[in-house]
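Taking it in order: structure first as structure tokens, then the write-up.
Atom set for the values below is all heavy atoms of this structure, side chains included, hydrogens, waters and symmetry mates excluded. Letters go in sequence order (proteins before strands), and every chain restarts at 1.
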Number of protein chains: 2
Amino acid sequence: MPKGIPSAAVSRLVIYLRVLTDLEADGVGRTSSDHLAAEANVSAFQVRKDLAYFGSFGTRGSGYVVATLKRELRRILGLTRQWNVIIVGMGRLGQALAAYPQLDQYDFELVAGVDVDRAKVGTRIGDLLVYHLDDLHQLLAEQRVDIAFLAVPVGAAQAATDALVDAGVPGILNFAPTVVSVPPAVTVESVDFLAGLKRLAYFLHTPAHDDGAVTS
Amino acid sequence: MPKGIPSAAVSRLVIYLRVLTDLEADGVGRTSSDHLAAEANVSAFQVRKDLAYFGSFGTRGSGYVVATLKRELRRILGLTRQWNVIIVGMGRLGQALAAYPQLDQYDFELVAGVDVDRAKVGTRIGDLLVYHLDDLHQLLAEQRVDIAFLAVPVGAAQAATDALVDAGVPGILNFAPTVVSVPPAVTVESVDFLAGLKRLAYFLHTPAHDDGAVTS
DNA sequence: ATATGTGAATTGATTCACAGCG
DNA sequence: CGCTGTGAATCAATTCACATAT
């Protein structure tokens with residue numbers, strides 16, 4: 001069924017899922033596209049269209065059952081299986097990520113750290129055993145790895161990416177403020193706060209904005 | 001001149017600026033849309049169109065002068081003036097941001113920390129003096145503040161945002177994994193690694209991807 | 001009566017082809 | 001002759017209006 005889905009729609013599904021989680025925690029049983037739209041800062045049309053890309057999950061006249069829609073969104077987003085994650089680069093950022101509390105909320109499981117610093121290799125940081133970047137193949141032989149958090153300095157990002165690709169890691173969440181190149185079989189998402197900061201500078205610097213809304 | 005500029009174009013300008021900075025560091029004096037495109041993982045059409053939104057900066061037949069184009073992009077993005085930044089939420093993330101090395105590279109100047117923990121208020125973290133959230137007005141009276149890094153827990157994000165809006169902070173870089181609402185006069189950019197992670201899960205989970213490229 | 005689901009219309013962004021200039 | 005700059009064309013995404021189901 002997924003055919004030509006705007007990737008912006010996927011970003012919004014993530015938001016809807018959060019809203020639903022909050023609603024469920026508040027004991028709300030049913031909701032509507034209007035309500036979801038208000039919480040997510042988008043239009044109700046948008047909510048219904050985004051959901052329609054994947055199926056139909058509501059009942060006309062009465063809206064959506066929170067628990068049902070939440071379950072469906074988790075399924076659509078792939079959040080019903082376990083994802084094994086390694087952290088590449090155990091500096092300040094890598095360590096902060098290792099200590100991040102709610103990662104396992106949706107079965108993201110940290111399975112190892114990776115660094116090039118021999119002083120760190122073999123130690124435990126948090127409860128992650130640290131491997132050397134050169135031992136990635138060995139690590140991947142022992143352990144399925146779905147996702148790598150790339151938390152190395154800019155200058156090391158492409159080389160580390162190449163090593164990850166070579167070892168067969170299919171997904172990379174890139175925290176380095178640079179574009180990394182990968183072959184088509186590998187998927188990269190970037191989390192780039194310096195880019196966000198500079199976009200913000202642009203919007204503040206330049207009049208002509210009417211929004212007040214959010215981007216990811 | 002800025003009229004109906006795709007916000008994706010702004011994101012790409014940030015990338016082009018990085019590429020130019022690298023080129024300059026390598027002593028390269030001239031470049032072309034083809035070359036920039038290759039480095040930024042986009043098409044040469046895209047590079048030229050993005051630049052054309054703001055003016056014309058090259059010379060036909062020979063391309064762009066690195067130093068000139070870099071200067072123009074800095075000007076367009078608003079990176080030629082100083083931006084005063086406060087960090088709201090001096091927990092693990094706030095402290096990591098306070099210690100981030102290259103922030104002043106483009107005149108982003110950290111001027112204060114903010115927290116609600118009385119044990120932190122009045123102390124220095126890094127070299128940031130920490131204010132109480134309730135004293136924002138006082139802080140803003142002493143000091144121009146252009147941008148707040150919102151690094152508080154999810155549950156506190158909207159309340160802290162309201163306080164920032166009320167105190168008159170025009171720009172917010174939101175690190176909390178939630179949508180915050182602001183009036184139209186305030187600009188928010190979000191840096192949401194959990195959302196990025198879930199998008200990544202979706203793309204890995206769902207076939208139908210041909211890309212290998214990046215998003216911000 | 002009410003709120004979803006969806007084809008059609010509109011708006012927006014990207015791609016293209018080539019005119020324009022050095 | 002080469003590479004930029006840009007109107008025109010294509011492609012994608014959002015908005016809308018309303019038919020549809022409960």
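- For the pair H35(B) NE2 and dT4(D) C1', the interatomic distance rounds to 17 Å; values are reported in whole Å.
- A straight line from CD1 of I5(B) to C1' of dT14(C) spans 16 Å, rounded to a whole angstrom.
- In this entry the distance linking CZ of F57(B) with C1' of dG5(D) reads 11 Å, nearest Å.
- Spacing between atom CD of E72(B) and atom C1' of dT4(D) amounts to 15 Å, rounded to whole angstrom units.
- At least one donor-acceptor pair under 3.5 Å links the side chain of N174(A) to the backbone N or O of T178(A).
- Atom CD1 of I87(B) sits about 12.0 Å away from atom CD1 of I147(B), to the nearest 0.5 Å.
- Listed pair Y64(A) / dG5(C) meets the phosphate criterion, a side-chain N or O lying under 4.0 Å from OP1 or OP2.
- For the pair D50(B) CG and dT14(C) C1', the computed distance is 10 Å after rounding to whole Å.
- Checked against dA8(D), dT15(D), dG5(D), the side chain of K49(B) finds its nearest nucleotide in dA8(D).
- A donor-acceptor contact under 3.5 angstrom links the side-chain atoms of R60(A) to the base of dT20(D).
- Among the protein residues, R12(A) comes within range of the sugar-phosphate backbone only, with heavy atoms under 4.0 Å from sugar or phosphate atoms but none that close to a base.
- Taking atom CD of Q46(A) as the reference point, atom C1' of dT6(C) lies 14 Å away to the nearest angstrom.
- Phosphate proximity of dT4(D) to T59(B): absent, as no side-chain N or O sits under 4.0 Å from OP1 or OP2.
- Mapping G63(B) and A8(A) onto DNA chain D by nearest heavy atom places G63(B) closer to the 5' end of the strand.
- You'll find that the side chain of R48(A) is closest to dA17(D), out of dT15(D), dA17(D), dA17(C).
- A centroid separation of 6.0 Å or more is found between the aromatic rings of F175(A) and F193(A).
- Atom CD1 of I86(A) and atom OH of Y131(A) lie 10.0 Å apart (nearest 0.5 Å).
- For F45(A) and P6(A), each mapped to the nucleotide of DNA chain D holding its nearest heavy atom, the one lying further toward the 5' end belongs to P6(A).
- Neither OP1 nor OP2 of dA3(C) sits under 4.0 Å from any side-chain N or O of S62(A).
- Distance OH (Y53(B)) to C1' (dT6(D)): 11 Å, rounded to an integer number of Å.
- The residue from R74(A), K70(A), R75(A) that alone fulfils the salt bridge (charged side-chain N to carboxylate O under 4.0 Å, His left out) condition with E72(A) is R75(A).
- Of the candidate nucleotides dG5(D), dT14(D), dT15(C), dT15(C) has the atom nearest to the side chain of S43(B).
- Distance R30(B) CZ to dG2(D) P: 16 Å, rounded to the nearest Å.
- Relative to the side chain of S56(B), the nucleotides dT14(D), dT14(C), dG5(D) differ in distance, and dG5(D) lies closest.
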